[in-house]
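So the structure is just underneath, and the comments pick up after that.
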Amino acid sequence: MSEAQARHSVFDGVSAAARAFVERDHQLFIGGEWVAARGGETLSVYEPASGECMCEVPAGQGGDVDRAVNAAREAFEGGEWSRARPVERERLLLRLADAIEANADELAEIESLDQGKSVGMARNLDLTMAVDFVRYMAGWATKIDGRTVEPSVPYLPDQQFTGWTRKEPVGVVGAIVPWNFPILMAVWKVVPAIATGCTVVLKPAEETPLSALRLAELAASVGLPAGVFNVVTGDGPGAGAALSGHPGIDKVAFTGSTEVGKLIGKAAMDNMTRVSLELGGKSPVIVLDDMDPQAAAAGAAQAIFLNHGQVCTAGSRLYVPNREYDAVVEGLAGIAGGMRLGSGRDPEAQMGPLVSKAQQERVAAYIDSGRQQGARVAAGGGCPDRGFFVEPTILADANHQMRVVREEIFGPVLTVMPYQDLDEVARLANDTPYGLGASIWSNDLARVHRLIPKIRAGTVWVNCHNVLDPALPLGGFKQSGIGRELGREVVDLYTETKTVLMSI
Ligand code: NAI
Ligand code: MG
């Protein structure tokens with residue numbers, strides 16, 4: 001196939017609007033304007049089902065990040081934004097939610113072309129969540145408040161004081177996001193920043209930069225003042241490191257690998273920049289013995305295969321009671337073996353490609369290491385020729401010495417292990433450096449309640465997995481991160497507390 005034909009087939013069935021956006025001459029969005037990257041270098045953007053290059057985006061570098069941080073600083077310190085009342089921030093965000101919703105079909109196509117996930121999932125999950133989260137945060141803009149305190153000041157008994165606290169915006173935020181849920185991750189950081197009165201520079205992942213650029217365009221179209229929200233596309237070591245280590249930002253918000261999260265945390269500490277990190281996971285799925293094996297297999301399949309396993313909370317370690325073990329593995333092998341792979345625009349496909357060639361190779365290498373360390377491949381294990389696909393894979397008879405059990409794979413690969421009793425499974429569930437999510441599958445209320453406090457993880461689901469809501473906090477124990485996004489907790493990540501003490 002010629003390059004032109006391949007490019008054409010990438011866009012089969014895609015709307016003219018989405019295609020026109022993808023094929024546009026992309027630029028950085030800084031200070032309310034589209035500008036070229038100073039160095040003039042670009043990054044290629046690939047469509048994962050075909051592996052074809054769709055377009056180029058600017059590879060921003062340190063100088064571009066400087067410019068964006070300066071624009072964000074200017075907008076924060078003076079001008080329209082610093083004078084905007086909470087109700088104006090609320091209304092802007094409500095308009096932004098309406099604009100995302102009105103363009104959700106096109107955004108879902110862009111996300112599918114860029115990331116590989118199905119248009120249907122992007123529309124129903126990523127965009128629905130994004131719109132609702134923007135509205136949820138719009139509500140917070142007018143509800144940020146402090147406390148009044150009556151101080152005693154024990155060593156000044158003859159004087160009278162009054163005291164109170166104020167929540168003030170933390171300042172200029174650097175947001176660095178990954179490629180698994182591109183627009184949702186962008187919204188989770190940019191929108192709390194806007195709601196609290198901060199300004200922000202967003203660096204999307206190099207694999208999936210497109211929806212962030214469209215989001216910036218929509219934000220400008222609803223009247224967000226220049227410089228409040230800037231986007232610098234580029235890679236991690238270039239634009240990402242320049243942003244996270246920039247002395248001009250007050251806070252860095254990151255989602256991605258634990259490895260890079262540690263680098264970012266260290267760079268932030270040099271400038272005492274506030275930092276929140278949402279990092280990797282190796283979340284356990286714990287089936288108790290009152291569960292029907294088929295229902296357990298169906299639940300576990302959903303926990304690992306959502307977004308093709310590219311989910312920070314993916315249920316990648318399954319623990320099954322000894323006597324149900326064979327039946328559950330068999331059920332899972334049936335489900336995984338029957339899944340149809342296809343492009344994000346193929347309505348019959350049940351799973352799409354991984355995001356990139358690098359991620360495909362990484363996941364394939366993990367499957368090999370699992371085989372070599374003695375896991376049994378009960379389903380899948382291979383990679384089709386075209387595109388960045390990996391078959392849904394079940395690695396049975398795994399154990400805690402294996403890399404596939406200890407390390408985050410971030411692909412459609414489930415490890416399965418038997419267990420004897422509740423104490424053993426609690427110990428195994430916690431035998432990991434991570435602590436992001438976990439699920440317990442049972443209707444035995446007493447045992448579920450006994451298990452919940454024992455699990456060291458930021459979220460414990462019961463009879464579901466990977467289910468998120470704007471009002472419930474999300475974040476990690478241990479090496480899964482620092483801080484909680486979503487819920488009322490997110491307001492604390494984007495504000496400083498100021499104490500006022502007045503002698504009266
Ligand atoms: P990554 O952590 O390198 O990339 C995430 C973001 O960080 C991207 O925007 C990237 O450009 C940026 N980045 C990379 N290096 C940076 C640096 N030195 N300074 C500042 N920013 C930097 O993740 P990658 O390499 O794409 O994936 C590797 C593994 O990370 C995956 O296999 C998965 O295990 C894990 N991961 C976890 C995610 C999560 O949601 N928890 C999301 C993405 C990856
Ligand atoms: Mg990386």
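Whatever order the structure lists them in is the order used to number ligands and atoms, beginning at 1. Numbering starts at 1 and runs along the sequence shown.
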Answer with yes or no whether the side chains of Trp441 and Ser439 bring together a donor and an acceptor at under 3.5 Å. yes
Would you say the side chains of Tyr366 and Glu407 form a donor-acceptor pair under 3.5 Å? yes
Residue shell around ligand 1, heavy atom under 4.0 angstrom: Ile176, Val177, Pro178, Trp179, Asn180, Lys203, Pro204, Ala205, Glu206, Glu207, Asp235, Gly236, Gly240, Ala241, Ser244, Phe254, Thr255, Gly256, Ser257, Val260, Leu263, Ile264, Leu279, Gly280, Cys312, Gln359, Arg362, Glu408, Phe410
Exactly one of Val275, Leu493, Val200 clears side-chain contact (heavy atoms from CB on, under 4.5 Å) with Lys251, and that residue is Leu493
Contact list for residues 30-59, test ring-ring contact (aromatic ring centres under 6.0 Å, His included), sequence neighbours left out: Phe29-Trp34
Residue pairs involving residues 224-258 (criterion ring-ring contact (aromatic ring centres under 6.0 Å, His included); sequence neighbours excluded): none
Distance-only donor-acceptor pairs under 3.5 Å for side chains of residues 171-198, two or more places apart:
residue	atom	partner	partner atom	Å
Asn180	ND2	Gln310	O	3.2
Lys189	NZ	Thr255	OG1	2.6
Lys189	NZ	Glu485	OE1	3.4
Lys189	NZ	Glu485	OE2	2.9
Thr196	OG1	Pro192	O	2.8
Thr196	OG1	Ala193	O	3.1

